[in-house]
Structures are given as C-alpha cells and as structure tokens.
*Asks:* 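Before we start, here is the structure in question, set down as structure tokens.
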Amino acid sequence: MTPARLGRPLIRLETVDSTNRVAAELAGQGAAEGTAVVAEVQTGGRGRLGRAWSSPRGGLWLTTILRPPATAGETVATLALVGGVAVAEAVGRLTGGLDRPPEVRVKWPNDVHLNGRKLAGILGQVCPPAAVLLGIGLNLNLSPDDLPSDVRALATSLGREAGRFMDPSASLEVLFAELSHWYGRWLGEGFAPIRRRCLDLSATIGRPVRVSGPDLEIEGEALDIMDDGALLVRAGGRDVVVRSGDVSVRTQ
Ligand code: BT5
C-alpha cells in the first residue's frame with residue numbers, strides 16, 4: 001500500500017469550534033485519507049476526557065483524517081504516539097540549526113514537551129465506521145500570556161523556546177512531512193519503529209512517575225512502552241500496564 005501524503009487536501013479555516021468536529025463531518029461524507037483541517041482559532045478546542053484545549057491565534061490547530069486498516073483501541077493509542085513522534089521530529093528539524101536547540105520530548109500518552117513544558121497535545125479519536133481523526137494542537141507563536149492562568153505555568157510555545165518567530169506555513173509543511181513519514185512506517189512496519197523512537201525521545205521512561213487515570217492512582221517507575229502503545233510501570237513491586245491516564249514525573 002502506498003501511504004497517503006497527509007495534509008492533502010488541506011482545508012484552511014479562520015475560526016471553528018474544533019477541527020476534530022469538522023474533520024468528523026468530512027470523514028462521514030467520505031473524505032479521503034490525508035484530508036486535513038487547520039484553523040487559526042478554535043473556540044471549543046478539545047483535549048482528552050472532556051478537557052478543553054486553549055486555541056487562541058498563534059498556534060497550529062489541525063486534524064488529519066486517517067483510514068487505517070483497523071480502528072481498534074490499540075490503533076488509536078499507537079497512532080497518538082505516531083503523532084507525538086512526528087511532532088517531536090518536526091520540532092527537531094525546525095530548531096536544529098539553532099545554537100542551543102531546545103530539548104524536545106514525547107510524553108506518553110499524547111504530549112510533546114519542549115524544555116520541560118507542554119508544547120503540543122494529540123487527540124486520537126475513532127470516527128466510525130472506518131476513520132481515525134488525529135488532532136494536533138501545537139503552540140507555535142503564541143505567548144503563554146494568551147493562555148488561561150492555570151495552563152500558562154505548564155505550557156510553552158515553539159517561538160518562545162526558539163527565540164524567534166516561526167513561519168506557520170513552513171512549520172505546517174514540515175509537520176505534515178513528518179506525519180506522512182511516520183504514518184507510512186506505521187502502515188508498512190507496524191508500531192515497532194515508532195515505539196523505538198518514542199523510547200529515545202521519552203520524557204518518562206526510567207524515571208519515577210505518578211500516574212492518575214480514570215480508575216487508578218499509582219507511583220512507581222516508568223519501565224517501557226509496550227507493543228500496543230500501553231505504558232508499563234513498576235509500582236509496589238509489581239508491573240502495571242497503563243492504557244490511559246496522565247503521567248507526571250516525580251522530582252523527589
Ligand atoms: C491533549 O489533551 O493534550 C490533546 C489536545 C489536542 C488539541 C487538538 S487542537 C486540534 C484538534 N481539535 C481539537 O478540538 N483538539 C485537537 P489532554 O492531554 O487532555 O490535555 C489537556 C490539558 O492540556 C488541559 O486540561 C490543560 O491543562 C492543558 N492545555 C490546554 N490548552 C493548552 C495549550 N494550548 N498548551 C498547553 N497546554 C494546554
């Protein structure tokens with residue numbers, strides 16, 4: 001199967017509630033794999049578990065329609081990590097020429113951090129019957145002051161860490177090139193190469209973590225990312241497989 005060039009066609013919108021919502025509508029109308037929606041501003045940007053994603057002007061807010069061979073839970077989990085690796089690689093390319101490139105990390109299950117703060121979030125969503133929507137929010141040129149106060153302290157933007165304005169079109173081009181590359185590898189080789197890159201870029205593996213999920217609350221050491229995209233944590237002398245939740249690195 002020849003992988004699609006993601007980001008074509010590209011539907012550019014000024015203000016929408018959520019690019020995932022618009023993409024779901026297009027997927028329902030049969031839009032082809034690779035079709036993407038990008039907006040300048042989102043008024044109802046979504047995160048996981050009903051959380052909000054702040055999306056003022058100055059970010060890249062986009063959703064790409066994928067049509068993978070299956071849409072089981074592990075497909076979505078591993079595709080969210082495809083998104084994470086692609087964003088991290090794009091950021092690496094966009095900042096590679098700087099004297100002191102910022103440190104980019106993938107944080108399981110769906111974040112990318114730059115110099116220890118949240119730069120981007122990924123929202124993978126099944127869109128029945130046969131599509132997966134890969135939503136990506138990346139703070140490009142916005143200032144943390146543009147974000148609500150509770151988000152500000154934990155977030156950063158690429159422009160801020162790079163110390164210069166980042167061209168939105170060029171950045172989007174690089175992001176779609178990386179997404180196409182890593183999605184193509186996922187289609188052709190499975191999750192293994194993405195898993196390896198995730199481990200290289202991981203913010204958590206080998207470190208003491210706290211995991212809070214819908215039905216678990218544990219402290220332990222993050223050991224590994226598994227073949228289905230789950231996180232393996234050693235806690236209280238046993239290995240726990242974490243399929244959803246929020247992970248924070250414990251500093252003490
Ligand atoms: C995510 O959720 O990180 C997934 C975010 C996906 C957003 C994209 S934008 C395009 C597409 N269309 C959508 O409607 N969504 C997708 P989660 O792990 O649940 O993180 C949400 C949390 O991140 C919030 O509760 C805040 O604490 C924080 N947050 C919100 N806005 C942020 C921002 N702009 N930058 C950094 N952190 C933010």
Side-chain angles (χ1 to χ4, degrees), residues 6-7 10-27 35-66 76-77 79-84 86-88 91 104-127 131-161 168 171-172 175-176 179 203-204 211-214 229 231 242-248:
L6 305 180
L10 179 62
I11 292 134
R12 291 177 183 272
L13 302 170
E14 170 58 33
T15 303
V16 283
D17 49 356
S18 157
T19 54
N20 268 42
R21 206 264 311 142
V22 177
E25 223 170 81
L26 294 171
T35 305
V37 181
V38 59
E40 296 282 327
V41 174
Q42 291 185 121
T43 53
R46 302 176 202 154
R48 290 175 301 144
L49 308 166
R51 291 190 283 233
W53 181 260
S54 303
S55 319
R57 200 171 293 281
L60 293 180
W61 322 127
L62 60 128
T63 303
T64 306
I65 298 174
L66 303 177
V76 178
L79 283 176
L81 293 169
V82 167
V87 169
V91 167
V104 63
R105 292 272 168 239
V106 173
K107 185 159 159 290
W108 187 96
N110 70 325
D111 288 358
V112 176
H113 281 216
L114 203 55
N115 290 341
R117 289 167 180 239
K118 185 156 171 169
L119 170 76
I122 288 114
L123 183 65
Q125 249 186 328
V126 176
C127 181
V132 171
L133 307 177
L134 197 63
I136 296 178
L138 191 159
N139 301 326
L140 195 68
N141 291 308
L142 52 85
S143 143
D145 294 344
D146 300 332
L147 297 169
S149 54
D150 56 323
V151 176
R152 200 174 297 160
L154 306 169
T156 194
S157 72
L158 188 48
R160 181 189 193 206
E161 301 299 333
S171 305
L172 198 59
L175 178 54
F176 278 126
L179 266 180
T204 45
V211 184
S212 25
L231 183 72
V242 182
R243 294 198 190 282
S244 72
D246 292 299
V247 178
S248 50

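Each ligand, and each atom within it, is numbered from 1 in the order the structure gives. It should be emphasised that the depicted structure is a prediction, and the values quoted were computed from it without experimental measurement. Below, all heavy atoms of this structure are taken into account, side chains as well, without hydrogens, waters or symmetry copies.
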*Asks:* Can you give me the closest heavy-atom contact between A27 and L133, atom names plus distance?
*Replies:* CB-CD2, 4.4 Å
*Asks:* Name all pairs fulfilling the side-chain hydrogen bond (donor to acceptor under 3.5 Å, both in side chains) condition that reach into residues 147-157, sequence neighbours left out, sorted by first residue then second.
*Replies:* T156-E161
*Asks:* Quick one: salt bridge (Lys or Arg N to Asp or Glu O under 4.0 Å) pairs with a partner in residues 116-125, sequence neighbours left out?
*Replies:* D111-K118
*Asks:* I'd like the contact residues of ligand 1, where contact means a heavy atom below 4.0 Å.
*Replies:* S18, T19, N20, Q42, G45, R46, G47, R48, R51, A52, W53, S54, L62, T63, N110, D111, K118, G121, I122, L123, G135, I136, G137, N139, L147, V151, A155
*Asks:* Closest approach of I136 and L179, non-hydrogen atoms and distance?
*Replies:* CD1-CD1, 4.0 Å
*Asks:* Could you give all pairs that pass the salt bridge (Lys or Arg N to Asp or Glu O under 4.0 Å) test and reach residues 43-52, with sequence neighbours left out?
*Replies:* R48-D246, R51-D246
*Asks:* Carefully, step by step, assess W108 and V242 under the rule side chain to side chain contact (heavy atoms under 4.5 Å, CB included).
*Replies:* CA-CA 10 Å; W108 187 96; V242 182; 3.7 Å; yes
